[in-house]
Amino acid sequence: MKLSTNAAELVADRGPAGVPACTGMDPDLFHPHPSEPRNRPTAAEREALAVCAGCPVRDWCLERDLTECPTTYQVVGVRGGMRQADRRALHVQRFGVRAPRRAGAGR
């Protein structure tokens with residue numbers, strides 16, 4: 001399951017205070033075949049991570065992705081300067097298997 005294709009599409013939502021580095025880029029770049037946490041990033045992941053490296057909204061993108069993914073299996077692709085395997089580990093560290101329900105969710 002893909003979430004929003006990239007951070008550029010999220011700007012219209014609640015927008016960060018800057019323009020994402022991925023604006024206008026092919027969304028497939030940010031959904032490479034994922035590697036395992038114990039492995040080094042793949043060449044495709046490194047390419048996406050390079051785009052994120054200089055992004056002025058990288059922290060916003062990562063935080064939004066982590067808080068809007070209710071389960072770790074929905075954490076996909078490269079976002080916020082982190083690859084899928086590393087964001088899943090961070091998600092579990094922060095929230096466990098499921099993220100806490102947001103106030104007003106499901107009403």
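Just so we're clear, the structure is a prediction, and the values are computed from it rather than from any experiment.
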Worksheet item: Taking only residues two or more places apart in sequence or in another chain, which ones pass salt bridge (charged side-chain N to carboxylate O under 4.0 Å, His left out) with Glu63?
Response: Arg94
Worksheet entry | Any donor-acceptor pair under 3.5 Å from Arg46 side chain to Pro41 backbone | yes
Nearest heavy-atom neighbours spanning [X] and [Y]:
{"X": "Gln84", "Y": "Val76", "result": "OE1-CA, 3.3 Å"}
{"X": "Phe95", "Y": "Thr67", "result": "CZ-CG2, 4.4 Å"}
{"X": "Val19", "Y": "Pro56", "result": "O-CG, 3.3 Å"}
{"X": "Ala21", "Y": "Val51", "result": "CB-O, 3.6 Å"}
{"X": "His31", "Y": "Gly77", "result": "CD2-CA, 4.0 Å"}
{"X": "Arg83", "Y": "Asn39", "result": "NH2-O, 2.7 Å"}

4.5 Å side-chain heavy-atom contact, [X] and [Y]:
{"X": "Cys52", "Y": "Val78", "value": "yes"}
{"X": "Arg87", "Y": "His91", "value": "no"}
{"X": "Asp59", "Y": "Arg64", "value": "no"}

Item to complete: Report the C-alpha distance between Arg79 and Leu62 in whole Å, list the side-chain angles of each, state the deciding distance to 0.1 Å, and finish with yes or no for side-chain contact (heavy atoms from CB on, under 4.5 Å).
Response: CA-CA 6 Å; Arg79 303 252 179 146; Leu62 175 61; 5.8 Å; no
Worksheet entry | Worked check of side-chain contact (heavy atoms from CB on, under 4.5 Å) between Thr42 and His33 | CA-CA 8 Å; Thr42 64; His33 181 68; 5.9 Å; no
